Amino acid sequence: MTIATEPQLRFVSGTHGRGPSTLPSTEPITVCVRAADPLSRAGVVAQLGPRPEVRLLSSEESSPGVLLLVTDAVDDDVQVQLQRTSETRTVLLVTAIDGQQLLSAAECGIGGIVRRADATPEHLVEVITSVARGQAHLPGDLLAQFLSEFTRVQHEVLAPRGLCATRLSPREREVLRRLAEGQDTAQIAESLSFSVRTIKNTLQKVMTRYQLPNRTAAVAFAMREGLI
C-alpha cells in the first residue's frame with residue numbers, strides 16, 4: 001500500500017476528546033495529511049479544515065509541524081513511510097494495530113496514535129497539539145499492550161543475547177557502577193567472576209557505542225543519564 005497525497009493540501013496514556021477543545025489561542029499548527037486513498041484523506045481534511053487550531057498544508061508545502069498519516073494497518077509500506085519521516089513529528093490514524101506493529105511504530109519515532117473509531121475532530125486536534133509540543137499520546141489500552149510487548153521482547157529476545165533495551169545491559173551497568181566507586185578492572189573482574197579481558201571488552205563496547213574517549217567519560221555519561 002502506498003501512502004499518497006492530494007494536491008489540496010516518555011508514551012503518555014491519553015483519553016478521547018469529549019467536548020470543545022480548550023487549547024490556548026496560539027499560532028495554528030501546520031498539518032500535512034497523507035492517506036492510503038483519496039476518500040480517507042478527504043474525510044480527515046473535512047474534519048480538520050474548520051478547526052482554527054490547525055492549518056492544513058498543500059502537498060507543495062514542506063516541513064509541517066505535524067504529519068498525520070491515515071491508514072488501515074501498519075504494513076511494510078507504512079513502516080517505510082514512518083522511517084522516511086522519522087525526523088518529523090507524526091501522528092498515526094489507524095484502524096487496527098497489534099503489539100509488534102506498535103513497537104515498529106515506536107522505533108520509527110511515532111509521536112501519537114489514534115484509532116479511527118476514536119477520531120473525533122476534538123480528539124484529533126488534542127493529539128496533534130500534544131505531539132506538536134513534543135509530547136506523546138497513546139490510548140491507555142495500547143500503552144498496556146506496548147509495555148507487554150516491550151517486556152516480552154526484553155525477556156525473550158534481548159536478554160538471552162546479553163542485550164538490554166534500556167541502553168545499558170545489566171553487566172555494563174554493574175561494571176560502570178563499580179568503576180565509579182573506584183575499583184580497577186582487576187578488582188571488578190574478581191568481584192563479578194569475569195576475566196579482566198571481559199571487563200575491558202565491556203567497557204570498550206560502551207565507549208564505542210556512545211563515542212566516549214575514555215572510561216572516565218563513560219562513567220560520567222552513565223551518571224549524567226541516570227543509568228547507574
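Throughout, numbering of the chain's residues begins at 1 and tracks the sequence. Model, not experiment: these values are computed from the prediction.
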Trainee: Under 4.5 Å between any side-chain heavy atoms of C32 and L68, yes or no?
Mentor: no

Trainee: So do the side chains of V114 and V91 get within less than 4.5 Å of each other, counting heavy atoms only?
Mentor: yes

Trainee: Mind checking the CG-CG spacing from L69 to L67? Nearest 0.5 Å is all I need.
Mentor: 4.0 Å

Trainee: For E190, I'd like to know if atom CD has over 12 heavy atoms of other residues, nucleotides or ligands within 6.0 Å.
Mentor: no

Trainee: Run T30 and V66 through side chain to side chain contact (heavy atoms under 4.5 Å, CB included) and show every step you take.
Mentor: CA-CA 6 Å; T30 54; V66 173; over 6 Å; no

Trainee: So if I apply the side-chain contact (heavy atoms from CB on, under 4.5 Å) rule between V74 and each of D98, I97, L102, which one comes out positive?
Mentor: I97

Trainee: Tell me whether R171 contacts the main-chain N or O of T202 through its side chain, where contact means a donor paired with an acceptor under 3.5 Å.
Mentor: no

Trainee: Given side chains that start at C-beta, do those of H123 and T120 come closer than 4.5 Å, heavy atoms only?
Mentor: yes

Trainee: Go through it in stages, so that I can follow the logic: the residues are V45 and L56, the test is side chain to side chain contact (heavy atoms under 4.5 Å, CB included), and I'd like the CA-CA distance, side-chain angles, deciding distance and then a yes or no.
Mentor: CA-CA 8 Å; V45 168; L56 299 178; 3.7 Å; yes

Trainee: Do you know the tightest heavy-atom contact between S195 and T198?
Mentor: OG-OG1, 2.9 Å

Trainee: Any heavy-atom pair between the side chains of E174 and L192 that's under 4.5 Å?
Mentor: yes

Trainee: Determine whether S40 and D37 satisfy the following criterion, side chain to side chain donor-acceptor pair (under 3.5 Å), listing intermediate values before the conclusion.
Mentor: CA-CA 6 Å; S40 294; D37 62 272; 2.8 Å; yes

Trainee: About how many Å separate CD of Q47 and CD of E122, when rounded to the nearest 0.5 Å?
Mentor: 9.0 Å

Trainee: Side chain of R178, backbone of I188: donor and acceptor closer than 3.5 Å?
Mentor: no

Trainee: Is there a side chain to side chain donor-acceptor pair (under 3.5 Å) between S130 and E126 once you walk through the steps?
Mentor: CA-CA 6 Å; S130 294; E126 174 190 352; 5.6 Å; no

Trainee: Taking the side chain as C-beta and beyond, is there a heavy-atom pair between T90 and V131 under 4.5 Å?
Mentor: no

Trainee: Are the side chains of R215 and T185 in contact, using a 4.5 Å heavy-atom criterion?
Mentor: yes

Trainee: If you round to the nearest 0.5 Å, how far is CZ of R51 from CD1 of I29?
Mentor: 11.0 Å

Trainee: Using 4.0 Å as the upper bound for N to carboxylate O, is an ion pair formed by R209 and E172?
Mentor: yes

Trainee: I want to check something: taking the side chain as every heavy atom from C-beta on, are R116 and V70 in contact at a cut-off of under 4.5 Å?
Mentor: yes

Trainee: Any side-chain heavy atom of D72 sitting closer than 4.5 Å to one from V94?
Mentor: no

Trainee: Are Y210 and L176 joined in one hydrophobic group, where the rule is that I, L, V, M, F, W and Y side chains link up if heavy atoms are under 4.5 Å apart?
Mentor: yes

Trainee: Hey, quick one: are L179 and M223 part of the same hydrophobic cluster, counting side-chain heavy atoms closer than 4.5 Å, chains of contacts allowed?
Mentor: yes

Trainee: For R55 and E27: C-alpha separation, side-chain torsions, deciding distance, then whether side chain to side chain contact (heavy atoms under 4.5 Å, CB included) applies.
Mentor: CA-CA 9 Å; R55 178 171 68 86; E27 190 72 17; over 6 Å; no

Trainee: Quick check: closest heavy atoms across M207 and A218, and the distance to 0.1 Å?
Mentor: CG-CB, 4.1 Å

Trainee: Can you tell me how far NE2 of H137 sits from CG of L92, rounded to the nearest 0.5 angstrom?
Mentor: 12.0 Å

Trainee: Using atom types as modelled and distance alone, determine if a side-chain donor or acceptor of Q187 lies under 3.5 Å from a backbone N or O of D184.
Mentor: yes

